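Just so we're clear, the structure is a prediction, and the values are computed from it rather than from any experiment.
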Amino acid sequence: MCKPGSAFAAVIAASALFLTTGGTAAAQPPSTPATALHAEGTQLVDGYGRTVLLHGVNNVDKDAPYLPPGETLTSRDVDMLVEHGFNTVRLGTSFDALMPARGQIDDAYLDRITGVVDALTARGIHVLLDNHQDGLSKPWGGNGFPAWAIESRPEAWEPNPGFPLYYVMPSMNAGWDEVWNNTHGALDYLGTALGALAARVEGKPGVMGIELMNEPWPGSPFLTCFPNGCPDFDRKYHGAMQKLTDAVRAENPTIPVYWEPNVTWNQMMPSNLFNPPVTPAVAGPDTVFAPHDYCIPSQLAIYLGLPQALRELCVSQQDLTWSHIDEMTERANIPTVVTEFGDGDPTVLRNTLARADERFIGWQYWHFGSNNVTDPFLGDVGRQLVRTYPQATAGDPGRMIFDADNGDFAYRYTPRAATRPTEIYVSDLHYPDGYEVQVDGGHVTSAAGARIVTVAADGSGPVTVKVHRPGSPGAEVPDGPISTGSSGSTGSLGSSGSSGSAGS
C-alpha cells in the first residue's frame, strides 16, 4: 500500500542533486553489454535475475542494398539512444535481402546485420530482429517477400492506391493467400531464411529475439475479421507462425520469438492467438506478444488528409486496443512488447505511454533513422518518449508513474534475489536544474548525479523510489497492483508507410 506523504518524507533514505548537461561524456549512462532476456510469466528477465523494462525505437531499412556500409546507425546515433535512456532497438530485416534468389542465403547481408547488432549490444541496447514487410512485395510497391516467392501480380486494370489501401487490391490478397496456404512454398523458404538469421546470431546475448512477421495481412478473408476478429483465419495464421517458430528454434533453440497479431488488430479487431479451443495455447518458452498501438483516426488524418480533429477519438480507440492487450495477458500469461507505435501528436503518444506505464509494458517507437545530424528527441515528441523509468528491477515490479510535463517519477517494487541492483534511468531532458532522488525501504548505491540511479533494498519489504526536480513535492505511487484495465488517460523521427509520422 502507498504510504502517506508525511511518513514517506520521514524515512527518506537517500537524496541527491544532479545538474543535467545532456550530451557530455559525464552525462552518458555506463556502457554495460546487454545480457540475454527470457520470459517469466508476463515479464522479461535479464541474466542477473532482474525484471527488465524496454523503452526504444525502430530502425528499419526497407530498400536494397539493405544496410549498406555508411548508411546504418552511426556511433553518434547510438550515443543519442544511450544518452536518452533507450535500451532497445527493433532492427528491421528483410526476407528479400536474406534470400534474394530462391534458396540462396546472402551471407554478406547477415554480416551487415550482425555488425549493427554488435555495435548496439556493446552499449547495453537489446536488439529485436524484425522480419519486416509492408505491402507484401515489390510488385505492389511494397517490401518484404522477394518477388520470386509470390506468383500473383497486379492486374493491368487494378488501380494501386499505395500504402495502406493497396492491401484491398485483389491481386495482393491473392498473393497473401499464397503465403498462408504455402501454395508455392513461401513459408518454407521464409522459415529457412529466418533459421539462417537465428543461427547467425546464436551466442549473441543482446539479441532479445526474432519478430516472425511485421503486420501480417489476412489476404482474401480480411473482411471476415470485422467487426469482432476472425478465428478461422487466426487458426491458419497460428499454424504459420508455429511453422516459422519451429524453423527458427531448429537453428537456435533458445532464441525468443515475437508473435504479432494479424494487422486488422490495428483496425481495432481482437486477436484469437493463444485462445484455446479456437487456437492452440502457447507451445513453448520465451514466446512474446508483439502488438502495435496506432490511433486509426489519427492515421486517417495523416495518410488521407482527413480533419485533424479526428484525433479527439484516439482515447477511446486506444482504450479498446489496450483492453485487447489485457485479454491476451490474462489468457496467455506471456510478456508483451509494443513493437510499434508513433504519431506526430505528442498527446496521442501520451495515450500509449501512459497505458504502457500502468501495465509495466515495454515499447519501441516508430521510427528512428540513421545518420542523424541533429538530435530528433529535443522537441515535444522527444519529451514524451525520453522518460525516467526502471530499466532493470531487482524484484517484482509494482506501480509506476511519470509526468512528462515536470519530470515527477514514482515507483514501487518488492525485492527478490538478483546479482545486480535495480537501475533507474533519469531523463536527461526533464531536470534543467538537477534532480532529487528519495528512497524508502532501500538506499541509493550510485554516485550523486549519476544518470543511472542504482538502488539496493534494505530488507524484504517494498522499496519506493521517487525522482523529481528540486523543490517539487514529487509524485505518489498509485495504489494497487500493476493495472490490467484501461486508464482513459490522455496523459528524423519518421513514418513507416510514408514521410509522415504514422504506422508501418
Side-chain angles (χ1 to χ4, degrees), residues 37-46 50-56 88 90 126 128 208-209 211-212 228-229 231 234 237-238 241-242 245 256-266 268-294 316-341 351-364 389-390 393 395-401 411-414 416 478-489 491:
L37 302 181
H38 67 276
E40 290 187 9
T42 60
Q43 304 296 339
L44 292 172
V45 177
D46 69 10
R50 302 175 301 179
T51 303
V52 170
L53 184 61
L54 299 167
H55 286 186
T88 182
R90 182 179 184 241
H126 301 274
L128 177 62
M208 58 186 272
E211 191 164 349
L212 300 174
N228 295 310
D234 278 348
Y237 173 60
H238 190 287
M241 292 300 101
Q242 190 61 54
T245 295
V257 288
Y258 285 61
W259 290 37
E260 281 201 36
N262 84 67
V263 74
T264 63
W265 170 281
N266 288 8
M268 300 179 285
M269 297 304 104
S271 173
N272 287 281
L273 290 177
F274 313 127
N275 190 20
V278 177
T279 56
V282 178
D286 294 319
T287 300
V288 181
F289 187 51
H292 296 172
D293 181 27
Y294 286 111
S316 58
Q317 191 245 283
Q318 289 177 280
D319 276 343
L320 180 61
T321 295
W322 283 90
S323 74
H324 294 158
I325 291 175
D326 294 337
E327 291 167 1
M328 179 65 71
T329 299
E330 183 173 354
R331 74 173 181 248
N333 193 38
I334 59 176
T336 292
V337 176
V338 176
T339 58
E340 277 192 34
F341 72 105
N351 296 339
T352 297
L353 298 170
R355 287 157 180 75
D357 281 354
E358 289 171 351
R359 294 161 174 81
F360 210 82
I361 283 177
W363 45 259
Q364 295 160 322
Y389 73 104
T393 299
D396 297 315
R399 296 295 299 275
M400 172 178 65
I401 189 168
Y411 173 52
R412 180 173 293 122
Y413 68 94
T414 301
R416 69 163 185 261
D479 288 328
I482 293 173
S483 173
T484 56
S486 298
S487 68
S489 168

If we only count heavy atoms from C-beta on, is the [X] to [Y] side-chain gap below 4.5 Å?
| X | Y | result |
| --- | --- | --- |
| P291 | T321 | no |
| N351 | W322 | no |
| W265 | I325 | yes |
| H238 | P280 | yes |
| R355 | D319 | yes |

Write down the atom of [X], the atom of [Y], and the distance for their closest heavy-atom approach.
| X | Y | answer |
| --- | --- | --- |
| Q242 | A283 | OE1-CB, 3.6 Å |
| S323 | L320 | OG-O, 2.6 Å |
| G229 | N272 | C-ND2, 4.3 Å |
| P481 | R399 | O-CD, 2.8 Å |
| P270 | N228 | CG-O, 3.5 Å |

* To do: Would you please indicate yes or no on a ring centroid separation below 6.0 angstrom for W363 and Y389?
  =>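 No, the ring centres sit 6.0 Å or more apart.
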Reported [atom1]-to-[atom2] distance for the pair [X] and [Y], which is rounded to 0.5 angstrom:
| X | Y | atom1 | atom2 | value |
| --- | --- | --- | --- | --- |
| T352 | E340 | OG1 | CD | 12.0 Å |
| L37 | L54 | CG | CG | 6.0 Å |
| T88 | L53 | OG1 | CG | 10.5 Å |
| Y294 | Q318 | OH | CD | 11.5 Å |
| E260 | M241 | CD | CE | 9.5 Å |
| I334 | Y258 | CD1 | OH | 10.5 Å |

* Residue of the set T329, D326, T336, V338 for which side chain to side chain contact (heavy atoms under 4.5 Å, CB included) holds with R359 ->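 Going through the options one by one, the only one that passes is D326.
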By salt bridge (charged side-chain N to carboxylate O under 4.0 Å, His left out) - contacts of [X] (at least two apart):
| X | result |
| --- | --- |
| D234 | none |
| R331 | none |
| D286 | none |

* Asked: In terms of the angle between their ring planes, are Y411 and F360 parallel, tilted or perpendicular, with boundaries placed at 30° and 60°?
  ->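 Geometry flag for F360 against Y411: parallel rings.
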Say whether, by atom type as modelled, one donor and one acceptor occur between the side chain of [X] and the main chain of [Y] under 3.5 angstrom.
| X | Y | result |
| --- | --- | --- |
| W259 | L212 | no |
| R90 | L128 | no |
| T279 | F274 | yes |

* Between Q43, R416, E40, which is the residue that forms a side chain to side chain donor-acceptor pair (under 3.5 Å) with T51? ->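 When side chain to side chain donor-acceptor pair (under 3.5 Å) is applied between T51 and each of Q43, R416, E40, only R416 qualifies.
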